[in-house]
Peer 1: 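Here it is, the structure in full.
Remember, it's a predicted structure, so these values are computed and weren't measured experimentally.
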Amino acid sequence: DGTRAEVLFLDAREDVLVRRYSETRRRHPFGAAGSLGEAISSERNSLAALRSHATAVLDTSGLTHAALKEKITALFSPRQNEHRLGLAVIAFGFKYGIPLDIDLLFDVRFLRNPNYVDQMRNSTGLDPDVRAFICEDPALQPFLAHLYSLIDFLVPHYVVEGKSQLTIGVGCTGGRHRSVFVAKELFDHLAANSDLSLHLEARDTSR
């Protein structure tokens with residue numbers, strides 16, 4: 001039908017394969033052939049024809065997961081520059097539970113709480129009055145400076161390691177004011193990074 005098939009064959013040295021089977025304690029599919037070395041040899045023989053038709057052969061012996069991912073991406077992705085780290089910033093309230101899928105969590109309950117101001121109770125951290133109220137807290141700017149510095153340090157390392165998705169949780173008591181404000185500040189700080197595909201969520205503002 002005109003489709004061009006490509007075959008990627010992953011290989012490794014025998015000593016590496018032996019170590020991997022030893023570490024995982026899995027039985028080789030050709031185990032009935034005798035020793036593990038004999039099983040690996042039988043497997044190589046059975047796959048020889050397929051290997052000869054491979055579009056690309058990669059020796060994974062000395063590769064980390066991240067390095068293998070990078071090599072496969074280089075081989076098969078026509079638009080490598082579009083493989084960006086997906087980064088989600090989620091504001092939430094601790095009283096409703098911590099999101100299960102977050103990688104990094106920051107607790108901002110130390111900041112001034114607009115919930116105790118009647119006219120702000122039903123607003124959110126995106127409201128100008130709430131933002132102004134939180135900005136008056138002398139702890140805010142030092143915290144943001146440390147937060148930005150930490151995230152700016154971590155993100156490139158996650159990219160190098162091959163991580164495709166990073167979720168940062170920012171929590172306060174109810175998830176309406178302080179967490180939403182800080183999550184939006186962090187989101188805006190990261191917006192200039194073209195290596196990221198960003199998503200912002202305020203989970204509990206409607207509760």
Peer 1: Distance-only, no hydrogens or angles: does the Arg176 side chain make a donor-acceptor pair with backbone N or O of Asn122 under 3.5 Å?
Peer 2: yes
Peer 1: So, the side chain of Glu6 versus the backbone of Thr55: is there a donor-acceptor pair under 3.5 Å, distance only?
Peer 2: no
Peer 1: Supply the atom-to-atom distance Leu186 CG to Leu144 CG, rounded to the nearest 0.5 angstrom.
Peer 2: 8.5 Å
Peer 1: Can you label the angle between the His28 ring and the Phe30 ring as parallel, tilted or perpendicular, going by 30° and 60°?
Peer 2: perpendicular
Peer 1: One thing to verify: whether Arg51 and Asp11 come together as a salt bridge, which I'm taking to mean a side-chain N less than 4.0 angstrom from a carboxylate O.
Peer 2: yes
Peer 1: With side chain to side chain donor-acceptor pair (under 3.5 Å) as the test, pick out the partner of Arg178 among Thr173, Asn115, Asp137.
Peer 2: Thr173
Peer 1: Verify whether the ring centers belonging to Phe94 and Tyr96 lie closer than 6.0 Å.
Peer 2: no
Peer 1: Donor-acceptor pair, Ser61 side chain versus Arg13 backbone, under 3.5 Å?
Peer 2: yes
Peer 1: Closest approach of Ala202 and Val180, non-hydrogen atoms and distance?
Peer 2: CB-CG2, 4.0 Å
Peer 1: With the 4.5 Å side-chain cut-off for hydrophobic clustering, are Leu150 and Val155 part of the same group?
Peer 2: yes
Peer 1: Nearest 0.5 Å please: distance from the OG atom of Ser42 over to the CG atom of Leu47.
Peer 2: 10.5 Å
Peer 1: Has the side chain of His53 got a donor or acceptor atom that lies under 3.5 Å from a matching backbone atom of Val7?
Peer 2: no
Peer 1: Side-chain donor-acceptor pair under 3.5 Å between Arg20 and Thr60, yes or no?
Peer 2: yes
Peer 1: To the nearest 0.5 Å, what is the distance between CD1 (Ile90) and CD (Glu201)?
Peer 2: 4.5 Å
Peer 1: May I ask you to say whether Lys95 pairs ionically with Asp204, meaning some side-chain N is under 4.0 Å from a carboxylate O?
Peer 2: no
Peer 1: A side-chain contact here means heavy atoms from C-beta on lying under 4.5 Å apart; do Asn193 and Leu85 qualify?
Peer 2: no
Peer 1: Determine whether Val57 and Ile72 fall in the same hydrophobic cluster, where Ile, Leu, Val, Met, Phe, Trp and Tyr are linked whenever their side-chain heavy atoms lie under 4.5 Å apart.
Peer 2: no
Peer 1: Are Arg27 and Tyr21 in a cation-pi setup, meaning NZ or CZ lies under 6.0 angstrom from the ring centre and within 45 degrees of the ring axis?
Peer 2: no
Peer 1: Strictly by modelled atom types, are His189 and Asp152 linked by a side-chain donor-acceptor pair under 3.5 Å?
Peer 2: yes
Peer 1: For the aromatic rings, using the six-membered ring if either is Trp, is the centroid distance between His157 and Phe153 under 6.0 Å?
Peer 2: yes
Peer 1: Hey, is Glu136 close enough to Arg131 for a salt bridge, meaning N to O under 4.0 Å?
Peer 2: no
Peer 1: Is there a path from Leu200 to Val130 through hydrophobic residues (I, L, V, M, F, W, Y) whose side chains come within less than 4.5 Å of each other?
Peer 2: yes
Peer 1: Give, for atom CD1 of Ile151 and atom NE2 of His146, the distance between the pair rounded to the nearest 0.5 Å.
Peer 2: 13.5 Å
Peer 1: Is there side-chain contact between Ile168 and Asp103, with at least one heavy-atom pair below 4.5 Å?
Peer 2: no
Peer 1: Report yes if some heavy atom in the side chain of Phe143 is under 4.5 Å from a heavy atom in the side chain of Val182; otherwise report no.
Peer 2: yes
Peer 1: Tyr158, Phe187: one ILVMFWY side-chain cluster at the under-4.5 Å cut-off?
Peer 2: yes
Peer 1: Does the side chain of Leu36 come within less than 4.5 Å of Leu17's, by heavy atoms?
Peer 2: no
Peer 1: The test is side chain to side chain contact (heavy atoms under 4.5 Å, CB included); show your working for Leu154 and Leu166 and say whether it passes.
Peer 2: CA-CA 10 Å; Leu154 289 174; Leu166 178 68; over 6 Å; no
Peer 1: Hey, what do you get for CZ (Phe9) to OG (Ser52), rounding to the nearest 0.5 Å?
Peer 2: 9.5 Å
Peer 1: Going by heavy atoms in the side chains, are Phe181 and Leu140 under 4.5 Å from each other?
Peer 2: yes
Peer 1: Can you tell if the side chain of His199 reaches within under 4.5 Å of the side chain of Leu87, non-hydrogen atoms only?
Peer 2: no
Peer 1: Less than 4.5 Å apart, side chain to side chain, heavy atoms only: is that true for Pro114 and Ile134?
Peer 2: yes
Peer 1: Going through the checks in order, is the side chain to side chain contact (heavy atoms under 4.5 Å, CB included) test met by Leu111 and Val108?
Peer 2: CA-CA 6 Å; Leu111 295 172; Val108 296; 4.0 Å; yes
Peer 1: For Arg26, does the CZ atom sit with more than 12 other heavy atoms under 6.0 Å from it, leaving out its own atoms?
Peer 2: no
Peer 1: Is the shortest side-chain heavy-atom distance between Leu126 and Lys184 below 4.5 Å?
Peer 2: yes
Peer 1: Dump the intermediate steps for side chain to side chain contact (heavy atoms under 4.5 Å, CB included) on Val89 and Phe106, then the final yes or no.
Peer 2: CA-CA 11 Å; Val89 184; Phe106 297 94; over 6 Å; no
Peer 1: Is there a path of hydrophobic side-chain contacts, each under 4.5 Å between heavy atoms of I/L/V/M/F/W/Y residues, joining Leu104 to Leu190?
Peer 2: yes
Peer 1: So which heavy atom on Ser179 is nearest to which on Gly175, and how close?
Peer 2: OG-CA, 3.4 Å
Peer 1: In Å and rounded to the nearest 0.5 Å, what is the CZ to CZ distance from Phe133 to Arg112?
Peer 2: 3.5 Å
Peer 1: More than 12 foreign heavy atoms under 6.0 Å from NZ of Lys163: is that the case here?
Peer 2: yes
